[in-house]
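Presented below is the structure to which this report refers.
Since this is a predicted model, take the numbers as computed values, not measurements.
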Amino acid sequence: MTAVPGRAGVVVIGGGVMGTSIAYHLARAGVPDVVLVERDELASGSTARAAGGVRAQFSDELNIQLGARSLEAFARFEEETGHDIALHRVGYLFLLSTPEDVEAFEAGVRLQNGLGVPSRMTDPAEAHRLAPLITTDGLLAAAFSPDDGHCTPEAVVHGYAAAARRHGATIVRHCEVTGIETRGDDIAAVVTRHGRIATSTVVCAAGAWSRAVGAMAGVDLPVEPLRRQIAVTEPVPGLPPDLPMTIDFTSSLYFHTEGPGLLLGMSDPDERPGFATGTHDRWIPRLYEAMERRAPTLLDVRRTGGWAGLYEITPDHNALIGEARQVSRFLYATGFSGHGFLQGPAVGEVVRDLYLGQDPFVDVTPLRAERFAADSPRPEVNLV
């Protein structure tokens, strides 16, 4: 294990995509003594269990901008860091079965197009051409954006971590944070199981565990963990190599290629908040029901494995990004409610700029944690 430094210019808590992106962007900007602490291995939390989708197809302007900026970063990731992240820009295809959803996505596409995202509405016939595994029964329309796609989350984390180290950052694994010391309204130190790090600045990027980290500094971060499960299948003969990430919006069933097979998932309304990440089969009947309705050919494909991970849910299913008002230099980037991985590159830029006192490329003030106390939630419709 890397020794715990006695002092740091800034301590980033959390070694997933958000923490490593933030550490990389800070170190690359010349911020001295950046230290990232992770209680386990890098990418061992939610990131490694993400579905890997990357997109700019959102209903909220801020999410569109964060997603689009991140897509640009993913496209140049290998050139910038030397790490191949297996980026497949095959698009995202949302399948729509109700007039209300069609209307909402038409409004979303107009907003996306106005921000430079080349999404478009399509008819059921084109949706079937794009994703031959689906049936169009009951389908009214679809929304497709060709620039979206998927890549490998762990590769992104390790790429950012290696690049952060090259720029002078220190990354300490297997080092749990147990407390944050304050003096008055100022951060004084981060206390870990392996030593105390004197610092005036903390960035919380602890995902589903962020509420506890915030509480150490007296900051309320309203984040709840919620288990989500993913299944992978045996090889599927004749799978189109450019199959888009396909989402049946009514049921939330989604799938994309994973090697020669498929990765499948959907939300489970029976799941209750908590930190459990064991897999179970209680959700499978609902998964099969959704497949029978929208992609019946998948019923003949054998599951070969799967895993469970944690979403970090906020009351409006939107991120918390900002700097705490009640304690100086406590910054946070958490609560992404399922779209954190795909926004990681852009959020790293934003947090860097907040730390440096510069205006980020997009105004994230509406995502401050205090919005809930002010009764100003920012709901996102395009959830998976």
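At a threshold of 4.5 Å between non-hydrogen side-chain atoms, the residues Val54 and Leu87 count as touching. Glu224 places none of its side-chain heavy atoms less than 4.5 Å from the side chain of Tyr311. Side-chain contact between Cys204 and Phe330 is present, with at least one heavy-atom pair separated by less than 4.5 Å. The shortest side-chain heavy-atom distance between Ser200 and Asp186 does not fall under the 4.5 Å cut-off. Proximity of Leu243 to Leu262: side-chain heavy atoms (C-beta onward) are separated by under 4.5 Å at one or more points.
Between the side chains of Gln57 and Ser119, not a single donor N or O lies within less than 3.5 Å of an accepting N or O. Side chain to side chain, Glu38 and His174 fail the donor-acceptor criterion of an N or O pair below 3.5 Å. A donor-acceptor contact closer than 3.5 angstrom links the side chains of Asp316 and Thr314.
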(message) Pair Ile321, Val350 - check side chain to side chain contact (heavy atoms under 4.5 Å, CB included), show working.
(response) CA-CA 9 Å; Ile321 305 173; Val350 168; 4.1 Å; yes
(request) Show the numbers, then the answer: is there a side chain to side chain contact (heavy atoms under 4.5 Å, CB included) between Tyr254 and Ile230? (result) CA-CA 10 Å; Tyr254 66 84; Ile230 281 172; 3.4 Å; yes
(request) Dump the intermediate steps for side chain to side chain contact (heavy atoms under 4.5 Å, CB included) on Val172 and Ile197, then the final yes or no. (result) CA-CA 12 Å; Val172 187; Ile197 309 170; over 6 Å; no
(request) Show your working on side chain to side chain contact (heavy atoms under 4.5 Å, CB included) between Arg28 and Glu80 and close with a plain yes or no. (result) CA-CA 11 Å; Arg28 189 182 179 196; Glu80 206 168 273; 3.5 Å; yes
(request) Test Asp137 against Arg294 for salt bridge (Lys or Arg N to Asp or Glu O under 4.0 Å), laying out the working first. (result) CA-CA 8 Å; Asp137 293 350; Arg294 184 52 62 213; over 6 Å; no
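Looking at every heavy atom in both residues, Val223 comes nearest to Gly335 through CG2-CA, 3.9 Å.
Within a 6.0 Å radius of CD in Gln358, more than 12 heavy atoms belonging to other residues, nucleotides or ligands are found. Shown here is Asp270, whose CG atom has more than 12 heavy atoms of other residues, nucleotides or ligands within 6.0 Å. By the neighbour-count criterion of 12 heavy atoms within 6.0 Å, atom CZ of Arg7 is sparsely surrounded, having that number or fewer from other residues, nucleotides or ligands. Remark: Arg120 CZ is packed, more than 12 non-hydrogen atoms of other residues, nucleotides or ligands lying under 6.0 Å away. In the displayed structure, Gln326 atom CD is contacted under 6.0 Å by more than 12 heavy atoms of other residues, nucleotides or ligands.
Phe336 and His339 have perpendicular rings, their planes meeting at more than 60° on a 0 to 90° scale where under 30° would count as parallel. Taking the six-membered ring for Trp and thresholds of 30 and 60 degrees, Phe105 and Phe249 have ring planes more than 60 degrees apart, a perpendicular arrangement.
When each of Val10, Val202, Thr201 is tested with Ile187 by the rule side-chain contact (heavy atoms from CB on, under 4.5 Å), just one qualifies, namely Val202.
Cluster membership check: Leu95 does not share its hydrophobic cluster with Ile247, using side-chain heavy-atom separations under 4.5 Å among Ile, Leu, Val, Met, Phe, Trp and Tyr.
Under the rule for a ring pair (Phe, Tyr, Trp, His ring centres under 6.0 Å), the partners of His150 that lie at least two apart in sequence or sit in another chain are His88, His256. A search for ring pair (Phe, Tyr, Trp, His ring centres under 6.0 Å) contacts involving Phe144 returns nothing, not counting sequence neighbours.
With hydrogens and angles ignored, the 3.5 Å screen pairs no side-chain donor or acceptor of Thr192 with any backbone N or O of Cys175.
Arg39 forms a cation-pi arrangement with Trp209, by the criterion of a distance under 6.0 Å to the ring centre and an angle within 45° of the ring axis.
In summary, Arg286 and Asp268 engage in a salt bridge, as defined by a charged side-chain N under 4.0 Å from a carboxylate O.
Remark: Thr334 OG1 to Ile13 CD1 distance equals 11.5 Å, nearest 0.5 Å.
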